[in-house]
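Data first, discussion second: the structure below is written as C-alpha cells.
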Amino acid sequence: MKKILFSFLFVLTLIELTLTSCVPSQPTDEVEILSSDRLINRLEANRRRIRNFEGQGTITVNTTTLQTSATFRVVMIKPDSVYITFFGPFGIELAQAIVTNSSFIFYDALQNTAYTGESDSDVLQNIFRINLSFSDIVDAFTGSVNLSSNLYKSPDEFEVIYDKYILTYINPDDALTSVYKIDIRRLGITEYTLKSDDGLIDLEGKYSDFQLIENVAIPYKISVLNRADNQKIDVEYRKISVNKKDIAIDFKIPEDATIVKW
C-alpha cells in the first residue's frame, strides 16, 4: 500500500495549476417559489437524470501532508464505476485509477505497475486523498448531493432568503445536521454542510460556475472540505459531457505491466 501512496503522491506533485473564477448572483424576480417537498423531488430527479458523466479539468488536494494539483479526466458510469486519469506536461499520462463499490485498480504509468484489490475506506483515502465514501466521491465529482433519504420527510427548517432556498435536516438518531443551500433560479445546490454534535463529522461542499446541461445545473467548480480531518479537494472543470452514448470507461492494463495484489 505504501507503493500505491508513493506513486500517487509522485504523480500529483509533477503539476501545479491554479484557476480562478467568479459567479454573478441570480435575481429572483418572476421565479416560482417551490414548496419543500416539490423542491426535494426536483433536485433528486435532476441528480438521477445524470446517467453517465465525463469531465476534464484540474484537481487540487490539500491535506496536512500534501498540497498539490494535477490535470485529470474523470468518467463516471452510474451507479458504481469511477475512472480517473492523471496527466503531466504535454498531456503525458501519469496514472490511472478505476474504483467501484467492490474493487479498485491503480495503474502507475511511470513504473508500469498496477495495484489491484478490494475497495475500502483506506484504499479510497489513498487514491483520492480525502476521507469520503464511494457514493460521496461520485457525488463530489458530479457536483450533486444525494437527497433520496429526504424524499418522504419534511425538513426541520425551510427558508427562502433572497436567491437561495435553505433546507435543514436534523437526525436525532446520529445527531447529524445537514444544511443545503439551493439556487432558486437554476435549482443547483450551491452549498452543503454535514455536521455532528461531537465534531467528528464536519463536511462542507461548495459548488459554483453552473452551466445548464440537459436542463440540469452542473457546477464547473467544486470544493469539498472535510474539516474534521483537515482535508480539502478542489475540482475545476474546463469541459463536461453527460448522458452521451460514447462515454465509456476504456481502461486497459498493458500486457507487460507488473501486477501487485493488495
Side-chain angles (χ1 to χ4, degrees), residues 26 28 30-53 76-82 100-102 119 121 124 130-208 210 212-219 222-229 231 233 235 242-243:
Q26 297 292 328
T28 59
E30 301 182 358
V31 177
E32 179 186 9
I33 302 300
L34 303 175
S35 62
S36 62
D37 58 338
R38 288 185 62 198
L39 174 61
I40 292 296
N41 286 334
R42 289 280 297 276
L43 291 171
E44 184 61 15
N46 286 347
R47 187 185 72 87
R48 296 183 184 186
R49 194 173 296 160
I50 306 301
R51 300 181 302 278
N52 59 44
F53 178 100
M76 280 169 286
I77 309 296
K78 290 187 176 180
D80 66 351
S81 299
V82 175
T100 70
N101 278 317
S102 59
S119 295
S121 58
L124 296 178
I130 196 165
N131 187 19
L132 295 175
S133 67
F134 177 82
S135 61
D136 287 337
I137 289 171
V138 172
D139 289 337
F141 274 106
T142 56
S144 61
V145 177
N146 191 334
L147 298 173
S148 57
S149 62
N150 296 323
L151 282 174
Y152 305 106
K153 63 182 180 181
S154 299
D156 294 277
E157 297 179 18
F158 178 55
E159 301 176 278
V160 180
I161 300 179
Y162 183 49
D163 61 347
K164 296 290 192 299
Y165 294 107
I166 302 178
L167 293 165
T168 301
Y169 293 89
I170 301 173
N171 190 334
D173 295 331
D174 52 20
L176 289 175
T177 298
S178 303
V179 180
Y180 309 88
K181 294 183 179 180
I182 302 103
D183 181 271
I184 286 178
R185 183 172 294 275
R186 295 187 174 183
L187 295 186
I189 295 177
T190 60
E191 187 173 340
Y192 165 62
T193 60
L194 176 65
K195 296 182 179 181
S196 61
D197 290 342
D198 56 14
L200 295 178
I201 298 176
D202 192 347
L203 293 174
E204 177 183 284
K206 292 187 177 181
Y207 316 92
S208 57
F210 287 91
L212 287 177
I213 304 177
E214 295 196 358
N215 294 319
V216 178
I218 305 291
I222 301 162
S223 178
V224 179
L225 172 64
N226 184 339
R227 294 184 185 277
D229 295 329
Q231 301 169 333
I233 285 182
V235 175
V242 301
N243 298 344

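The analysis underlying the following values was restricted to heavy atoms, covering all of them including side chains, and did not include hydrogens, waters or symmetry mates. In what follows, residues are counted from 1 in the order of the sequence shown.
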Checklist entry - Donor-acceptor pair, Asn52 side chain versus Met76 backbone, under 3.5 Å? => result no
Item to check | Heavy-atom side-chain contact between Lys78 and Ile50 under 4.5 Å | outcome: yes
Next on the checklist: In the structure I gave you, are the side-chain heavy atoms of Lys195 and Leu203 within less than 4.5 Å of one another anywhere?
Outcome noted: no
Next on the checklist: Can you confirm whether Ile233 sits close enough to Asn226 that some side-chain heavy atom of one is under 4.5 Å from a side-chain heavy atom of the other?
Outcome noted: no
Checklist entry - With a 4.5 Å heavy-atom cut-off, do Tyr165 and Tyr180 have their side chains touching? => result no
Checklist entry - Counting distance only, does the side-chain N/O of Ser196 pair as donor-acceptor with the main-chain N or O of Ile201 below 3.5 Å? => result yes
Next on the checklist: Between Arg38 and Glu32, does any NZ, NE, NH1 or NH2 come within less than 4.0 Å of an OD or OE carboxylate oxygen?
Outcome noted: yes
Checklist entry - Counting distance only, does the side-chain N/O of Asp183 pair as donor-acceptor with the main-chain N or O of Gly188 below 3.5 Å? => result no
Next on the checklist: Going by the rule salt bridge (charged side-chain N to carboxylate O under 4.0 Å, His left out), which residues pair with Arg227 if we only count those two or more places apart in sequence or in a different chain?
Outcome noted: Glu204
Checklist entry - Are side-chain N/O atoms of Asn46 and Arg49 paired as donor and acceptor at under 3.5 Å? => result yes
Checklist entry - Is any side-chain heavy atom of Thr168 less than 4.5 Å from a side-chain heavy atom of Pro155? => result no
Next on the checklist: I'd like to check Leu167 versus Ile40 (side-chain heavy atoms, cut-off strictly below 4.5 Å). Are they in contact?
Outcome noted: yes
Item to check | Which residues share a salt bridge (charged side-chain N to carboxylate O under 4.0 Å, His left out) with Glu157, sequence neighbours left out | outcome: none
